[in-house]
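Step one of this worksheet: look at the structure below.
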2 protein chains.
Amino acid sequence: MADRNAANLMGRGESLLFLTDDQLRRGIEAMFFAYRGFTADPDRILQEYGYGRAHHRAIHFINRSPGTTVNNLLSILGVTKQSLNRVLRTLVEDGLVDSRVGTRDKRERHLYLTEKGAGLERALSEAQRNRMRDAFRAAGPEAVAGFRAVLEQMMDPDMKRHYLDGGDSSR
Amino acid sequence: MADRNAANLMGRGESLLFLTDDQLRRGIEAMFFAYRGFTADPDRILQEYGYGRAHHRAIHFINRSPGTTVNNLLSILGVTKQSLNRVLRTLVEDGLVDSRVGTRDKRERHLYLTEKGAGLERALSEAQRNRMRDAFRAAGPEAVAGFRAVLEQMMDPDMKRHYLDGGDSSR
DNA sequence: TTGGAAAGTCAACAAGGCTGACATAAACTG
DNA sequence: CAGTTTATGTCAGCCTTGTTGACTTTCCAA
């Protein structure tokens with residue numbers, strides 16, 4: 001709202017913001033500290049189960065897209081299949097995830113949360129949603145819109161696909 | 001700006017936002033994907049030097065607060081001294097960080113970037129600032145304010161101190 | 001039908017978290 | 001001054017989660 005001087009040279013309503021290195025540094029540190037807060041509550045829960053963030057990520061995206069394949073999960077998570085496989089194996093062994101051989105293509109494994117897995121998912125996402133909700137409410141609706149707008153710009157373009165996707169990029 | 005119906009029951013201008021689980025899920029995934037983008041460019045640079053994110057974090061905060069102590073860094077980074085020490089030791093050995101015994105309190109070590117260390121810091125923070133600046137400009141000034149407001153709410157309260165601090169919580 | 005690509009698994013290694021124990025020096029306290 | 005606390009560093013060992021390389025099974029297309 002402040003310096004909008006040299007604006008509107010760029011088609012859309014974007015102002016040519018004068019951003020000092022210090023303002024940008026604040027943004028960088030905000031991301032760092034906020035991400036820590038963002039993961040703190042689930043981390044505590046996971047610790048009780050002997051799991052880590054990798055397990056949380058797998059559980060989250062399986063819940064979002066039931067029946068998704070390992071390969072699809074790989075493209076979302078951006079890790080190697082060997083790394084994901086280890087996490088997935090423990091989740092299957094512990095009875096949180098069900099891995100079903102594909103009917104059309106028997107090379108594929110389709111992933112589903114079991115009742116037990118869905119239970120942990122609820123505990124994790126509830127904790128994370130509570131913090132997110134509190135932050136959104138305290139900051140107000142316009143802030144939420146801005147938050148989402150900036151984060152979306154910060155993503156790698158290929159990832160926006162997974163983000164915008166309502167879910168189910170499987171099958 | 002949308003549903004502001006039941007608002008203003010809460011003293012300040014906060015509306016009692018109706019946030020669906022799906023809206024919150026979007027926020028959660030936005031954090032996940034954006035954080036990946038946020039760290040992607042520095043990660044590439046660090047890889048060339050054989051360093052990781054832990055080194056980046058140390059370098060960042062030493063640069064922000066030259067002369068800071070190990071203990072202060074510990075409270076900012078929230079890791080164990082053993083973990084930080086390993087990183088710090090390699091940085092000192094490689095001549096990126098200078099560790100000087102305190103004059104007032106000789107138990108303390110005050111940390112400074114060397115010329116070489118400052119060089120890497122510039123490369124890392126320039127890459128990260130560029131992405132942050134592009135995102136800020138594309139999203140616009142109001143979005144930036146909202147971004148910061150939400151992130152600040154998401155932090156653990158103890159961490160806000162380090163965030164708001166203009167720097168130099170040393171000595 | 002055969003050769004390559006794709007999906008998944010196994011083995012081994014590295015980074016960077018962690019805990020616990022212990023050493024040293026300096027500072028503080030009664 | 002003796003004893004305790006504080007700041008830092010180090011060693012050993014463990015865990016999670018990333019990596020690469022080699023291998024199997026399955027599918028598909030030439």
Side-chain angles (χ1 to χ4, degrees), chain A residues 32 35-36 39-40 42-62 67-94 97-111 170-171, chain B residues 32 35-36 39-40 42-44 46-59 62 67-94 97-111 169-171:
Chain A
F32 172 67
Y35 197 77
R36 282 246 301 268
T39 56
D43 281 355
R44 268 188 289 275
I45 296 170
L46 289 160
Q47 206 177 346
E48 299 169 17
Y49 290 74
Y51 293 141
R53 258 179 229 178
H55 300 83
H56 185 184
R57 292 195 282 266
I59 288 172
H60 173 96
F61 286 105
I62 293 171
T68 190
T69 63
V70 173
N71 227 12
N72 184 49
L73 217 45
L74 281 177
S75 79
I76 293 176
L77 298 176
V79 298
T80 58
K81 60 182 179 175
Q82 294 90 333
S83 191
L84 175 58
N85 188 260
R86 183 180 335 125
V87 166
L88 242 27
R89 189 171 45 215
T90 73
L91 291 175
V92 169
E93 280 170 3
D94 295 353
V97 166
D98 194 9
S99 169
R100 305 183 200 157
V101 173
T103 47
R104 251 194 21 196
D105 187 334
K106 290 178 189 158
R107 292 173 303 178
E108 294 180 341
R109 303 298 138 93
H110 296 271
L111 304 168
S170 67
R171 168 109 22 227
Chain B
F32 171 67
Y35 197 79
R36 280 248 302 269
T39 55
D43 281 355
R44 268 188 288 275
L46 288 160
Q47 206 177 349
E48 298 168 19
Y49 291 73
Y51 292 140
R53 259 179 228 177
H55 300 83
H56 185 186
R57 292 194 282 267
I59 287 172
I62 293 171
T68 190
T69 63
V70 173
N71 232 6
N72 184 48
L73 216 46
L74 282 176
S75 79
I76 293 175
L77 298 177
V79 297
T80 59
K81 63 176 179 175
Q82 294 91 330
S83 194
L84 176 58
N85 190 261
R86 190 183 341 173
V87 166
L88 239 30
R89 191 170 42 212
T90 72
L91 290 175
V92 170
E93 281 171 3
D94 296 353
V97 166
D98 195 9
S99 169
R100 303 182 201 157
V101 173
T103 47
R104 249 193 25 194
D105 187 333
K106 290 179 191 160
R107 293 173 304 178
E108 294 179 340
R109 303 299 141 89
H110 297 271
L111 304 169
S169 24
S170 68
R171 168 104 12 185

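Below, chains carry the letters A, B, ... as their sequence lines are ordered, and counting in each starts from 1.
Mapped onto DNA chain D by nearest heavy atom, A:Arg107 and A:Arg86 fall at different nucleotides, with A:Arg86 at the one closer to the 5' end.
Taking the six-membered ring where tryptophan is involved, the planes of A:Tyr35 and B:Tyr35 are essentially parallel, since the angle between them stays under 30° and well short of 60°. Note on ring orientation: taking the six-membered ring where Trp is involved, the planes of A:His56 and A:His60 are perpendicular (angle over 60°, cut-offs 30° and 60°).
With a cutoff of under 4.0 Å to any heavy atom of chain A, the contacted region of DNA chain D is bounded 5' to 3' by D:dT16 to D:dC27.
If you measure from atom CG of A:Asp43 to atom P of C:dG16, you get 18 Å, rounded to the nearest angstrom. Rounded to whole Å, the distance from CG on A:Leu88 to P on C:dA7 is 15 Å. Rounded to an integer number of Å, the gap from B:Asn71 CG to C:dA27 C1' is 14 Å. Per the geometry, CG belonging to A:Leu111 stands 13 Å off P belonging to C:dA7, to the nearest Å.
The side chain of A:Arg89 contributes an N or O atom lying less than 4.0 Å from OP1 or OP2 of C:dC10.
Within residues 77-85 of chain B, the residues that have a heavy atom under 4.0 Å from DNA chain D are, in order of number, B:Lys81, B:Gln82, B:Asn85.
With A:Leu111 as reference, A:Leu88 is the one residue of A:Ile59, A:Thr69, A:Leu88 to meet the side chain to side chain contact (heavy atoms under 4.5 Å, CB included) rule.
Among the protein residues, A:Arg109 comes within range of the sugar-phosphate backbone only, with heavy atoms under 4.0 Å from sugar or phosphate atoms but none that close to a base.
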